[in-house]
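From a predicted model like this one, the values you see are computed outputs, not experimental measurements. Scope of the values below: all heavy atoms of this structure, side chains included, with no hydrogens, waters or symmetry mates.
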Amino acid sequence: MSGLTRLIVFISMFASITLMSEAQYLLPIMKHEPSKQYYTAFDIGSAEKSYATLVLDLETNLTWLNCRELKSLSSLRLITCKSSTCKSIPGNGCDGKICHRPCLYRQPNPLGKPVTGRVVQDKATFSTTDGGRQLSEVSLPRFTFSCATQGLSLPIAGVLGLSPAGEFPFWRQVTRAFNVIPKFALCLPSSVFDVGHFYVGGVNGYIIPPFNGSSNPIPMTLTPLKNIESGKYIISPTSIYVDGVPLSLNPSLLEGGAKISTVVPYTVLQTDIYNALASAFTLQAKLTGMSEVPGMAEFPGVTPFKTCFEEGGSRRNVEEFMNVPVIEIGLPGRAGEVKWRFHGANTVVRVLETVICLAFADGGKKPTEPMVIGTHQLQDYMIEFDLSTKRMAFSDSLLSHKTSCSAWPSRRQNHSHMML
């Protein structure tokens, strides 16, 4: 091979890598307060403004929705049992004999009974981004999903699959179709009146003022994901701290890892872990002038909270920075333990005018996972899942930087029609 030929090949390879690196897509995230679920919205089908509102779920591997909620069904393409697409879906309901039968898929529903639907394809349309603003629209011509026989309570039509496993989670379909890095990031807003960020692909960075994605990026900390073949995003806590003091825990309690969830509202802990956390938190809270309020679990609307306080000296001028104890989760990092820090609005929830409760729930003695990190703790953090490296990255609370997941760099596209 001549020198010139080698140079051409190298330039072509470099251009290809650069192209893969730069593409990035951005969708909105909204909060549905009655169900405390987070959902996104994008157009499905050929009809104009035929958007679907879908709950974000990190364990669903094939997106499903009640297709009657779509504006038009004229461009839906039914997938049959003989297709390679159907054969790529485990448990597809085909017995291998009737090739022209519709491909059916039965899967768990994170918010209720399992759902069964016909596997279909249609165009999905969403926006490219420079890391902050929504730019031009692009379409995924053959987005594979399931038309279920049931839906969820309005305004939510179904569930967006973001599982790390399988061939058809939304992030995988997008990154494979556009040849971009297989990763996505979520920044959940804390208010129903705000819009957060859902990024897919790219390394442009995340532009949330005052962070600009390049010279001033959002500080992120890395920790490995384990057992992603299980279809869950699980990290490996090594310890838990309250105001810098480690809890006295049997190490075996943390061996099952911590699952990240976008459908569980509050972090759920195995009973022994919860009791240790509640005890340490209460001890430190009393030092700041708070007094424990027993029996609050019996009040309507207080469930699932067991540990509550009269605020007393905890109040500050800005509610997000309530002077409550800081909770940290120790995790493996590149050079030893790193800490995921939660404080203020991410550790407590207000249940009465002057009463706040520890925003963690007791999950019982023998739960499936000893720790499930819920959305109250994830609000206003940037969380990135990079499937190419099998690592998760997390930011500090954006509130501590005087910004939030609902901050946008300029006048953004109007999503008011999605905030239902």
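Proximity of the aromatic rings of Tyr199 and Tyr25 is defined here by a centroid distance below 6.0 angstrom, and this criterion is not met. The aromatic ring centres of Phe342 and Tyr381 sit less than 6.0 Å apart. In this structure, the ring of Phe360 has its center no less than 6.0 angstrom from the ring center of His376. The six-membered or imidazole ring of Phe170 lies near that of Phe42, with a centre-to-centre distance under 6.0 Å.
For the residue pair Tyr233 / Asn227, no side-chain donor-acceptor distance below 3.5 Å is found, with atom types taken as modelled. If you check the side chains of Glu337 and Ser239, you find a donor sitting under 3.5 Å from an acceptor. Defined by atom type and a distance below 3.5 Å, a donor-acceptor pair is present between the side-chain atoms of Tyr38 and Gln379. Of the N and O atoms on the side chains of Thr125 and Tyr51, not one donor lies less than 3.5 Å from an acceptor on the other residue. In this structure, a donor-acceptor pair under 3.5 Å is absent between the side chains of Asp43 and Ser50. With 3.5 Å as the limit, one finds no donor-acceptor pair spanning the side chains of Thr129 and Gln134. Under the 3.5 Å distance criterion, with hydrogens and angles disregarded, a donor-acceptor pair is assigned to the side chains of Ser406 and Ser404.
On the SG-SG cut-off of under 2.5 Å, Cys147 and Cys67 qualify.
Under a cutoff of 6.0 Å and an axis angle of 45°, Lys123 and Phe143 do not form a cation-pi pair.
With respect to Asp272 and Lys365, a salt bridge is recorded, a charged nitrogen being found less than 4.0 Å from a carboxylate O. The pair Arg172-Glu167 does not count as a salt bridge, with every side-chain nitrogen at least 4.0 angstrom from each carboxylate oxygen. Under 4.0 Å is where a charged nitrogen must lie from a carboxylate oxygen, and between Lys306 and Asp362 at least one such pair does. Under 4.0 Å is where a charged nitrogen must lie from a carboxylate oxygen, and between Glu384 and Arg391 no such pair does.
For Arg142, the CZ atom counts as loosely surrounded, since its 6.0 Å shell holds 12 or fewer non-hydrogen atoms of other residues, nucleotides or ligands. Atom CZ of Arg176 sits in a crowded spot, with more than 12 heavy atoms from other residues, nucleotides or ligands closer than 6.0 Å.
Although no hydrogens or angles enter the test, the distance criterion places a donor-acceptor pair under 3.5 Å between the side chain of Asn216 and the main chain of Pro210. Panel note: side chain Thr63, backbone Gly161; a donor-acceptor pair is recorded below 3.5 Å.
Looking at Ile356, Val355, Ile327 one by one, the single match for side-chain contact (heavy atoms from CB on, under 4.5 Å) with Val348 turns out to be Ile356.
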